[in-house]
S.K.: 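Have a look at this one.
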Amino acid sequence: MQSVRHFRGPVLGIETSCDETSAAILIDGEIASNVVSSQSDLHVKWGGIVPEAAARKHIENMLPVIEEALARAHLSADQIAAVAVTNRPGLVGALSVGVTCAKGIAWACGIPLIGIHHLEAHALSPMMTGEIEPPYVCLLASGGHTELLHVRGVGDYSVLGRTLDDAAGEAFDKAARSLGLGSPGGPAIQAAAESGDPARFSLPRGLADPTLDFSFSGLKTAVARTAASLADDADVHDLAASLQDTICSVLADRTLLACDVVGSNAVSVAGGVAANLSLRSKIKGGAEKKHLRMSIPPIELCTDNAAMIAFAGSIRLERGERSELDLDCVADSPLPGEVMYEPAFE
Ligand code: KG4
Ligand code: ZN
């Protein structure tokens with residue numbers, strides 16, 4: 001498929017918005033390498049991400065990760081033709097490490113620089129396999145964001161709905177903490193849920209249907225309360241399975257409803273929570289029933305990675321867009337070109 005045009009020449013992507021230090025090389029839209037160094041082992045002892053510790057770890061990891069990405073792509077630094085870097089939204093101290101490094105490379109090599117919106121990169125990541133192209137409905141579910149988008153093109157996004165409180169990933173992470181399952185919570189809940197009974201506990205779905213918005217704070221409280229009264233590991237697995245089933249059903253049902261609302265015949269899921277196997281199978285099943293085109297990125301492209309940054313960067317660079325060397329880092333930022341959409345039933 002691949003109708004978008006990419007920058008010619010190798011693009012180095014850099015991602016340091018949260019707790020993954022990542023560098024990737026993309027050549028004409030194809031991934032030549034994608035190296036991700038996760039800090040999750042570092043932050044687990046604090047029960048959450050400590051921004052200053054994240055930034056310092058990025059400083060330590062950044063250059064080795066870039067060197068590894070170059071080595072795996074069989075390139076030397078002087079063969080890079082452009083640099084794309086996440087500059088928003090995220091932890092500003094963490095973002096600064098990647099942005100400063102990207103600027104140094106762009107300046108020293110005399111090559112173009114482009115700052116990329118992290119969530120735009122997630123929203124475009126379904127296109128990376130070449131199986132889907134805009135327009136499509138995309139559920140973007142990560143640790144900090146949960147949004148339903150209508151992706152009509154690059155820089156052309158309607159926000160169909162979003163969470164009013166916690167993000168879906170945050171709900172997984174907080175529930176895992178209540179259940180003593182460690183972090184990151186999503187994979188821990190998924191593993192515990194494997195041997196659990198998803199029908200054992202009835203948990204709140206948040207907002208009443210029909211809606212394209214989400215609310216996970218009631219679910220978080222219900223899980224914390226129920227967790228305090230569990231007797232053994234089997235109960236923990238049952239609660240993990242019930243929680244996973246509730247979150248994934250709500251996400252999948254509203255994503256499929258969003259396709260009806262905007263009349264879309266294509267659907268995808270992106271962001272760290274899209275790595276969840278239960279969510280992937282619910283969306284797949286629903287899409288098949290509705291005869292929708294569906295493509296979900298492979299798991300390593302759902303969680304934070306620099307290949308998606310290089311991909312979004314390569315498209316924007318090909319359009320002639322460039323960032324200056326005074327490129328800033330921003331903690332909160334809307335998607336470039338986003339507009340809000342009010343579904344008729346609300
Ligand atoms: O997109 P991402 O890697 O980082 C952010 O931009 O936030 O998403 C991280 C989130 C975390 O909350 C993590 O628990 C969740 O994605 N996650 C999962 C799974 N893998 C990662 N949630 C559910 N199931 C998974 N398998
Ligand atoms: Zn992310």
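The figures that follow rest on heavy atoms only: side chains count, while hydrogens, waters and symmetry mates do not. Whatever order the structure lists ligands and atoms in, that order sets their numbers, starting from 1.
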S.K.: With a 6.0 Å cut-off (strictly less than), is the heavy-atom count around CG of D232, excluding the residue itself, greater than 12?
M.R.: yes
S.K.: Check contact between H118 and ligand 1, using heavy atoms of the residue and a distance below 4.0 angstrom.
M.R.: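 The answer is yes, since H118 has a heavy atom less than 4.0 Å from ligand 1.
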S.K.: Report yes or no: does a heavy atom of C18 sit under 4.0 Å from some atom of ligand 1?
M.R.: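 Under 4.0 Å: no for C18.
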S.K.: Relative to the heavy atoms of G185, which atoms of ligand 1 are at a distance of less than 4.0 Å?
M.R.: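 Taking each heavy atom of G185 in turn, ligand 1 has 14 (O) under 4.0 Å.
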S.K.: With rounding to the nearest 0.5 Å, note down the distance linking SG in C138 to CE in M127.
M.R.: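 Going from the SG atom of C138 to the CE atom of M127 covers 11.0 Å.
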S.K.: Counting N and O atoms only, with roles assigned by atom type, does the side chain of R200 sit under 3.5 Å from a partner on the main chain of L239, one being a donor and the other an acceptor?
M.R.: no
S.K.: Please determine if E20 has a nitrogen or oxygen closer than 3.5 Å to a nitrogen or oxygen of ligand 1.
M.R.: no
S.K.: Could you tell me if the side chain of R162 sits less than 4.5 Å from the side chain of M340, heavy atoms only?
M.R.: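 Counting from C-beta outward, M340 and R162 do come under 4.5 Å.
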S.K.: Regarding S158 and R152, is there a side-chain donor-to-acceptor distance under 3.5 Å anywhere?
M.R.: yes
S.K.: With a 4.0 Å heavy-atom cut-off (strictly under), which part of D304 contacts ligand 1: side chain, backbone, both or neither?
M.R.: both
S.K.: Closer than 3.5 angstrom, by distance alone: can the side chain of Q39 be matched with the main-chain N or O of A54 as a donor-acceptor pair?
M.R.: yes
S.K.: Using 30° and 60° as the class limits, which term best fits the ring planes of H122 and H118: parallel, tilted or perpendicular?
M.R.: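 Taking H118 first and then H122, their aromatic rings stand perpendicular (interplane angle over 60°).
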S.K.: Might you confirm whether atom CZ of R8 has over 12 heavy atoms from other residues, nucleotides or ligands at distances under 6.0 Å?
M.R.: no
S.K.: So how far is it from H43 NE2 to C18 SG, rounded to the nearest 0.5 Å?
M.R.: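 So the gap between those two atoms works out to 7.5 Å.
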S.K.: Output yes when the distance from some N or O of ligand 1 to some N or O of T303 is under 3.5 Å, and no in every other case.
M.R.: no
S.K.: Identify which one of D165, D166, D173 satisfies the salt bridge (charged side-chain N to carboxylate O under 4.0 Å, His left out) criterion when paired with K220.
M.R.: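 Among the candidates, only D166 passes.
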S.K.: Specify the protein heavy atom at minimum distance from atom 26 (N) of ligand 1: its residue, its atom name, and the distance to 0.1 Å.
M.R.: Q190 OE1, 3.2 Å
S.K.: Atom 24 (N) of ligand 1: which protein heavy atom is closest, and how many Å away?
M.R.: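 It is N276 ND2, 3.0 Å.
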S.K.: Does any N/O atom on G272 come nearer than 3.5 Å to any N/O atom on ligand 1?
M.R.: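 Such a contact does occur with ligand 1.
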S.K.: What protein heavy atom is closest to atom 12 (O) of ligand 1, reported as residue, atom name and distance in Å?
M.R.: D173 OD2, 2.7 Å
S.K.: Are any of the N/O atoms on G169, whether in the backbone or the side chain, positioned under 3.5 angstrom from an N/O atom of ligand 1?
M.R.: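 The answer is yes, given that G169 and ligand 1 share an N or O pair closer than 3.5 Å.
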S.K.: Is it the case that ligand 1 has an N or O less than 3.5 angstrom from some N or O of G186?
M.R.: yes
S.K.: Is the closest heavy atom of Q244 to ligand 1 under 4.0 Å?
M.R.: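 Contact check Q244 vs ligand 1: negative.
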S.K.: In the protein, what heavy atom is nearest to atom 7 (O) of ligand 1, and what distance, to one decimal place, separates them?
M.R.: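 Checking every protein heavy atom, the shortest distance to atom 7 (O) of ligand 1 gives G143 N, 2.8 Å.
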S.K.: List nothing but the number: protein N/O/S atoms under 2.8 Å from the Zn ion (ligand 2).
M.R.: 3
S.K.: Do R72 and I25 have side chains that get closer than 4.5 Å, going by heavy atoms?
M.R.: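 A side-chain contact under 4.5 Å is absent here.
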S.K.: Are T21 and K57 close enough that some pair of their side-chain heavy atoms sits under 4.5 Å apart?
M.R.: no
